[in-house]
Amino acid sequence: MKFMEMTVCLDMYGCPNRCKHCWLGATPNGNMPVSELEDTARQFRPYTDCLQIYDWYREPDYRENYRELFQMCNELSDRPIEHFELASFWRLVRDDGYTKWLSSLGLKKVQLTLFGSEETTDFYIGRKGAYREILEAIEILMENKISPRIQVFVNRNNIGELEQVESLIKRLELEERCREFGGEFSFFLHQGSCDGENEKWYDVRVTPEDLEKIPPLLEAYTLRHFGKRNISDVFGKTEQALYEELRKDSSTSGYVSDSPVFYIDKDFNVYPNITAPARYWCLGNLKKDGIQTVLENYKESRSIAQRIRLTVPLCDIVKVQGDKTSRRLFSRGDYIEFLLNRFAGRWIESGIVFR
């Protein structure tokens, strides 16, 4: 059993936030020993000629030894790992050397997330003071010639606050100030996938009528970011339309890739990077079951969600879990995974076991 390449991400230390939109879940933080990075790399390496390993999959650079961890991940990987345009705003406002280190890695943009007003942003991030830290982080980044890229997750509860976000962008003159140091300010908004913590906001997911509340400037930024012509192309179709489209689709599908990405939580449970790392996607426990069993479970689609998608016609999943009257907006892929997750959750509750 050999994979072309493989990426393994450990949730070694968790996250300072408890974001209510997070598809990865707001689970308790762990405290894995650094030695687990080496041990995990040792276990996965025989199964691929190109391994990449990361010490995080929620908050990057959360621990004080973030430089050591990044260097160690590089040394354990078969090619240089990417830092991506992600950073810890929690650390940005607490560590004077952090931004310079990010700059030394070649980062030109860093993504930050808002939800509207100060009160609303603090609520969705799950930590009082988060909004003010984000504003401070924006200034720190620009002082170091790194452009902020702001995203906003919207639902029916906060879409009416977008004018406050637009006012903030104008007041801080973000586009002009980024241009002064040769950078480029960017912004986009979307509803996010309906999994993890964000699944809890299904009832207030945006509809076509809600999109009329998006200020023209923010719409223009969003269309530019996604390369789309219409805002409806960003938010997708109504559940009603997708239900009608998929209720006749009897196809099944597999999720096995020759270049998989795996998430390992603080308890060493392993999940494929497909949707939220939920119980019904679990491939086994690295410590208790061992690496070969975990990878065989992936390859043979033995997790409950994988097995369902591979054996249950899509139309049956849609008819059981879909709402043919709903005007909530989804992309096609997000909608299928939302229904699959709910179907798999019910499967677990029923106690039925695959044979």
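For the numbers below, each heavy atom of this structure counts, side chains included, while hydrogens, waters and symmetry mates do not.
Here E5 pairs with R79 in a salt bridge; the nearest charged N to carboxylate O distance falls below 4.0 Å. The pair E173-K170 does not count as a salt bridge, with every side-chain nitrogen at least 4.0 angstrom from each carboxylate oxygen.
Contact between V256 and S301 at its shortest, heavy atoms only, is CG2-OG, 3.6 Å.
Residues satisfying the ring-ring contact (aromatic ring centres under 6.0 Å, His included) test with Y57, not counting sequence neighbours, are Y263. Not a single salt bridge (charged side-chain N to carboxylate O under 4.0 Å, His left out) links E75 to another residue, sequence neighbours left out. A search for ring-ring contact (aromatic ring centres under 6.0 Å, His included) contacts involving F181 returns nothing, not counting sequence neighbours. For the salt bridge (charged side-chain N to carboxylate O under 4.0 Å, His left out) test, residues two or more places apart in sequence or in another chain that qualify with D78 are R45. For F115, the ring-ring contact (aromatic ring centres under 6.0 Å, His included) test picks out H21, Y124, with sequence neighbours left out. In this view, Y62 and W90 satisfy the ring-ring contact (aromatic ring centres under 6.0 Å, His included) rule, not counting sequence neighbours.
Relative to the six-membered ring of F123, K20 meets both conditions, a distance below 6.0 Å and an angle of at most 45° to the axis. Cation-pi geometry between R328 and Y202 is met: the NZ or CZ atom falls under 6.0 Å from the ring centre, inside 45° of the normal.
Here salt bridge (Lys or Arg N to Asp or Glu O under 4.0 Å) pairs that include residues 119-130, with residues two or more places apart or in two chains, are R127-E133. Sorted by first and then second residue, the salt bridge (Lys or Arg N to Asp or Glu O under 4.0 Å) pairs with a member in residues 27-40 read E36-K287, D39-R42, D39-K287; sequence neighbours excluded. Residue pairs meeting the salt bridge (Lys or Arg N to Asp or Glu O under 4.0 Å) criterion with at least one partner in residues 274-283, sequence neighbours excluded, do not occur; the list is empty. Under the ring-ring contact (aromatic ring centres under 6.0 Å, His included) criterion, the residue pairs touching residues 274-297 are Y255-W281, with sequence neighbours excluded. Listed by first then second residue, pairs satisfying salt bridge (Lys or Arg N to Asp or Glu O under 4.0 Å) with a partner in residues 330-342 read E199-R342, E245-R332, D249-R332, not counting sequence neighbours.
Remark: the backbone N or O of L174 is not paired with any side-chain donor or acceptor of R179 at under 3.5 angstrom.
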Contacts under 3.5 angstrom, residues 211-233 side chains, donor-acceptor by atom type, not counting sequence neighbours:
unit_1 : atom_1 : unit_2 : atom_2 : d
Y221   : OH     : E175   : OE1    : 2.6
T222   : OG1    : L189   : N      : 3.2
T222   : OG1    : L218   : O      : 2.8

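If you look at F330 and F235, their ring centroids are not closer than 6.0 Å. When ring centroids are compared, Y243 and Y335 stay outside the 6.0 Å threshold. Side-chain rings of W201 and F153 stay apart, their centers remaining 6.0 Å or farther from each other.
Under the 30°/60° scheme for interplanar angles, the aromatic rings of H190 and F188 are found to be tilted.
The structure places CZ of R91 at 7.5 Å from CG of D61, a figure rounded to the nearest 0.5 Å.
Side-chain contact of N285 with N269: a donor-acceptor pair under 3.5 Å is present, judged by distance alone. Donor-acceptor pairing under 3.5 Å is recorded for the side chains of E59 and S88.
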